[in-house]
Enquirer: 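Just dropping this structure here.
Here is the naming used below: chain letters follow the sequence lines, and residue numbers restart at 1 for every chain.
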Amino acid sequence: MSWDPVYRFVQRIPRGSVLTYGALARALRLPGGARSAGRAMAATPSGKGIPWHRVVGERGKILIREPYASLQKKLLESEGVKIVESRVDLRRHLWKPSRKAPLKHKVTRKRTRK
DNA sequence: CATCTGACGACCG
DNA sequence: GCGGTCGCCAGAT
């Protein structure tokens, strides 16, 4: 599975903003929905400047487990994102992707049904 | 090939 | 708001 489109999209999230797995999945039409977004993020290649920490759960909650949860919180706070009870204030930081079709490349997926 | 396991989220009580 | 169940589906075992 090539998650490249996901990573490219995540890289567009501006500093100080966050996106939810669900929104990410919907924006890219990921087969499998939010959970696919989660799988993609779990496989995020490190050292490529991908701001993986800007992706949180539907209600702004940090869903990843330790030790990464702490790192994510730290990274977000360093960008000015306030976190309360492991939760981001989505009303202030949720990023609204531009409606400019971000789907230049479709996410490739294994054929489930032929 | 059979099962299990999630960086999810909708639903329900 | 919280916890449990369920659908989802790629990888790992």
Enquirer: What pair of heavy atoms forms the shortest contact from A:T20 to A:G57, and how long is it?
Expert: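 Scanning both residues completely, I find the closest heavy atoms to be CG2-O, 3.4 Å.
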Enquirer: Decide, yes or no, whether a salt bridge links A:K61 with A:E85 under the criterion of side-chain N to carboxylate O below 4.0 Å.
Expert: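 Result for this pair is no, no salt bridge flagged.
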Enquirer: Parallel, tilted or perpendicular: which fits the ring planes of A:F9 and A:W95, with parallel below 30° and perpendicular above 60°?
Expert: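 Rings of A:F9 and A:W95: tilted, as their planes differ by 30° to 60°.
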Enquirer: To the nearest 0.5 Å, what is the distance between CD1 (A:I62) and CG (A:L76)?
Expert: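 Rounded to the nearest 0.5 Å, the CD1-CG separation comes out at 6.0 Å.
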Enquirer: Pick out the pairs of N or O atoms, protein on one side and nucleotides 11-13 of chain B on the other, that lie under 3.5 Å.
Expert:
none

Enquirer: Go through residues 75-83 of chain A and report each residue with a non-hydrogen atom lying under 4.0 Å from DNA chain B, sorted by number.
Expert: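 Under 4.0 Å from DNA chain B: no residue of residues 75-83 of chain A.
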Enquirer: If you restrict it to nitrogen or oxygen atoms, what contacts under 3.5 Å exist between nucleotides 7-10 of chain B and the protein, and what is each distance?
Expert:
| from | atom 1 | to | atom 2 | distance (Å) |
| --- | --- | --- | --- | --- |
| B:dA7 | N3 | A:Y21 | OH | 2.9 |
| B:dC8 | N4 | A:R35 | NH1 | 3.2 |
| B:dG9 | OP1 | A:Y21 | N | 3.4 |
| B:dG9 | OP1 | A:G22 | N | 2.5 |
| B:dG9 | OP2 | A:E58 | N | 2.8 |

Enquirer: Can you check whether A:W3 reaches A:S36 side chain to side chain, under 4.5 Å on heavy atoms?
Expert: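 Counting from C-beta outward, A:W3 and A:S36 do come under 4.5 Å.
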Enquirer: I'd like to check A:K48 versus A:Q11 (side-chain heavy atoms, cut-off strictly below 4.5 Å). Are they in contact?
Expert: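 No; the side chains remain at least 4.5 Å from each other.
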Enquirer: When you compare the side chain of A:H93 with that of A:V18, does any pair of heavy atoms fall below 4.5 Å?
Expert: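 Counting from C-beta outward, A:V18 and A:H93 do come under 4.5 Å.
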Enquirer: Between A:M41 and A:V10, is there a side-chain heavy-atom distance shorter than 4.5 Å?
Expert: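 The answer is yes; the side chains approach within 4.5 Å.
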Enquirer: How close or far is atom P of C:dC9 from atom CE of A:M1, stated in whole angstroms?
Expert: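 After rounding, the reported distance stands at 10 Å.
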Enquirer: From A:Q72 CD over to A:I83 CD1, what is the distance, rounded to the nearest 0.5 angstrom?
Expert: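 If we round to the nearest 0.5 Å, A:Q72:CD and A:I83:CD1 are 7.0 Å apart.
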Enquirer: When rounded to the nearest 0.5 angstrom, what distance separates CZ in A:R54 from CZ in A:R12?
Expert: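 That separation rounds to 13.5 Å.
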